[in-house]
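For reference, the structure discussed in these notes is given below.
Values in this document were obtained by computation on a predicted structure and should not be read as measured data. Atoms within each ligand, like the ligands themselves, are counted from 1 in listed order.
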Amino acid sequence: MSKQSTSLKSLKSGRPPIAKKPRTLAARHTRRIIRAHHTLNKQLTAAQIAGDHDKIKSIESQLNAQGGLAAYQEASIQGQTITRGGDSSIELVRWLSASDKKEEQGIKQSQLSGLSLLEVGALTTHNACSRSAIFDRVIRIDLNSQSSGISQQDFMKRPLPESDADRFDVLSLSLVLNYVPDSAQRGEMLRRTTKFLLQNESTKNAKKLPCLFLVLPLPCIINSRYMTEIHLLDIMSTLGYTLLQTKQSAKLYYSLWLLQEPSTNVSRKTFRKVKLNDGVGRNNFCVELRDTREAVS
Ligand SMILES: C[S@@+](CC[C@H](N)C(=O)[O-])C[C@H]1O[C@@H](n2cnc3c(N)ncnc32)[C@H](O)[C@@H]1O
């Protein structure tokens, strides 16, 4: 018997070549744009607080040179592609569509439908929450609108609801809170969400409503000097929220919060910047809840 070559080829060599990925901004480049924008934004807020006009001008021109908010949003849209982690609202739709324990035990629960959603920080009108049949009314806002289906509006300046017609069953804040450069303003943003949620008898019966969908970069929760998941729970419960769902992916922290207390009933407990974790290599993500009588810079 003739001796055959015994050298083993790698299994990979038998596979057909994998189709080339579509050309997108390289992941590293995308991350660099996002990180630089966040850093400059924080520096800008610090300069504004200090009233340092030369610094404000210099940072604004650096932001412009990088393409400003539009370039940041373009990088974020790239981050939403499937190859880069996907559309975070898939998780919101999955959580709202999931049947609860009673249904698993054979007790019929009505599926959620006809809901209203306020999506803050919307980059597209084609994401999962925009396509889902759960929602009848979706209002999308962003500081810089990228499409006619998104209103250009700062959530912090959106007029407060005068009636339930201006409130929503669900509010989405996906990768927006970490965009806010100041820790006290982050707290104000969370507090403000409670004012836009609809609390009536029908939503109270639904067990998941009204709710806030909050998504953050995972390091904000697991690697910050000033934040932990327990600390976030504490802040959120002060605002009247209880945690319904949570999930971590390699990069993101997803959470769904039920608003139980009307915003008028919430406690006055405050949260200042306190070091919870020490050590090198941690970030400084922080949320402060100040007394509503204190001015937020
Ligand atoms: C990283 S993008 C996130 C987009 C999308 N929600 C997602 O999950 O991929 C953050 C967006 O939030 C928007 N944003 C930040 N603060 C906002 C505010 N106060 N009101 C409205 N939009 C805001 C920014 O303009 C930006 O487009």
Side-chain angles (χ1 to χ4, degrees), residues 24-25 27 30-42 44-45 48 63-64 66-95 117-132 135 138-147 149-160 168 170-193 195-196 212-220 247-256 285 287 296-297:
T24 56
L25 282 173
T30 308
R31 279 200 296 274
R32 203 179 317 128
I33 292 174
I34 291 175
R35 218 175 292 136
H37 187 85
H38 281 164
T39 305
L40 285 172
N41 232 6
K42 272 186 219 151
L44 181 62
T45 303
Q48 283 163 341
L63 275 166
N64 285 339
Q66 292 187 354
L69 183 50
Y72 167 82
Q73 289 179 315
E74 171 62 23
S76 299
I77 289 170
Q78 292 290 335
Q80 280 191 349
T81 61
I82 300 292
T83 47
R84 306 270 175 80
D87 162 15
S88 65
S89 75
I90 293 172
E91 203 54 60
L92 170 63
V93 173
R94 192 178 296 147
W95 277 339
L117 166 71
L118 175 61
E119 188 186 2
V120 178
L123 291 181
T124 163
T125 56
H126 305 294
N127 55 357
C129 61
S130 295
R131 296 191 312 266
S132 169
F135 299 108
V138 179
I139 301 292
R140 306 173 194 88
I141 63 169
D142 198 285
L143 291 176
N144 182 42
S145 167
Q146 299 268 5
S147 130
I150 303 169
S151 306
Q152 186 147 318
Q153 185 180 54
D154 180 347
F155 174 59
M156 302 310 285
K157 296 188 178 143
R158 186 177 173 86
L160 289 174
F168 299 84
V170 183
L171 195 152
S172 169
L173 213 55
S174 170
L175 297 174
V176 176
L177 194 68
N178 54 300
Y179 183 91
V180 178
D182 176 78
S183 51
Q185 283 171 0
R186 288 190 194 122
E188 274 319 292
M189 182 176 260
L190 286 178
R191 195 195 300 280
R192 207 159 214 273
T193 61
K195 310 213 162 93
F196 286 86
L212 169 71
F213 180 59
L214 178 67
V215 181
L216 288 165
L218 187 58
C220 292
K247 177 189 154 169
Q248 295 183 8
S249 71
K251 293 195 176 130
L252 299 180
Y253 173 83
Y254 300 82
S255 54
L256 189 68
F285 180 77
V287 175
V296 173
S297 49

Inset, instruction - Answer yes or no for Met189: is there a heavy-atom contact with ligand 1 below 4.0 Å? - result: yes
Legend entry - Under 4.0 Å to a heavy atom of Tyr179 - the qualifying atoms of ligand 1, by number: 15 (C), 16 (N)
Inset, instruction - Using a 4.0 Å heavy-atom cut-off, say whether Ser76 meets ligand 1 through its side chain, its backbone, both or neither. - result: side chain
Inset, instruction - Would you please say whether a donor-acceptor pair under 3.5 Å links the side chains of Asp142 and Gln152? - result: no
Legend entry - Ser174 N/O to ligand 1 N/O under 3.5 Å: yes
Legend entry - Ring geometry between Phe155 and Phe196 (parallel below 30°, tilted from 30 to 60°, perpendicular above 60°): tilted
Legend entry - Backbone or side-chain N or O of Phe155 under 3.5 Å from ligand 1 N or O: yes
Inset, instruction - Measure the shortest side-chain to side-chain distance between Ile34 and Ser76 over non-hydrogen atoms and say whether it is less than 4.5 angstrom. - result: yes
Inset, instruction - Please check if the side chain of Ser255 supplies one atom and the backbone of Leu214 the other of a donor-acceptor pair under 3.5 Å. - result: yes
Inset, instruction - Check Leu69 against ligand 1 and report side chain, backbone, both or neither, counting heavy atoms closer than 4.0 Å. - result: side chain
Inset, instruction - Mind checking side-chain contact (heavy atoms from CB on, under 4.5 Å) for Asp154 and listing every partner two or more places apart, or none if nothing turns up? - result: Leu143, Met156, Lys157
Inset, instruction - From the options Leu177, Leu143, Asn127, Leu252, select the one whose nearest heavy atom is closest to atom 23 (C) of ligand 1. - result: Leu143
Legend entry - Atoms in ligand 1 with a heavy atom of Asp154 nearer than 4.0 Å: 18 (C), 19 (N), 20 (N)
Inset, instruction - Would you kindly say whether Ser130 and Asn127 are connected by a side-chain donor-acceptor distance under 3.5 Å? - result: yes
Inset, instruction - Report the part of Leu123 in contact with ligand 1, treating N, CA, C, O as backbone and CB onward as side chain, heavy atoms under 4.0 Å; options are side chain, backbone, both, neither. - result: side chain
Legend entry - Under 3.5 Å: N/O of Gln73 near N/O of ligand 1: yes
Inset, instruction - Tell me, with the steps shown, if Leu177 and Leu216 meet side chain to side chain contact (heavy atoms under 4.5 Å, CB included). - result: CA-CA 7 Å; Leu177 194 68; Leu216 288 165; 3.9 Å; yes
Inset, instruction - Spell out, as yes or no, whether a donor-acceptor pair under 3.5 Å connects the side chain of Ser145 to the backbone of Ser147. - result: yes
Inset, instruction - Please could you name the atoms of ligand 1 that Gln153 approaches to less than 4.0 Å, counting only its heavy atoms? - result: 20 (N), 21 (C)
Inset, instruction - Would you check the N or O atoms of Gly121, main chain and side chain alike, for any that come under 3.5 Å of an N or O of ligand 1? - result: yes
Legend entry - Ser89 side-chain N/O to Leu92 backbone N/O, donor-acceptor pair under 3.5 Å: no
Inset, instruction - Identify, by atom number and element, the atoms of ligand 1 in contact range of Ser88, meaning under 4.0 Å from any of its heavy atoms. - result: 8 (O)
Legend entry - Val180 touching ligand 1 at heavy-atom level, < 4.0 angstrom: no
Inset, instruction - Quick one: sort the Tyr179 and Tyr72 rings into parallel, tilted or perpendicular, breaks at 30° and 60°. - result: tilted
Legend entry - Tyr253 side chain reached by Lys247 side chain, heavy atoms, under 4.5 Å: no
Legend entry - Shortest heavy-atom approach to atom 25 (O) of ligand 1 - which of Val176, Leu173, Asp142: Asp142
Inset, instruction - Say whether Asn144, considering both its backbone and side-chain N or O atoms, lies within less than 3.5 Å of an N or O atom on ligand 1. - result: no
Legend entry - Any Arg158 heavy atom less than 4.0 Å from ligand 1: no
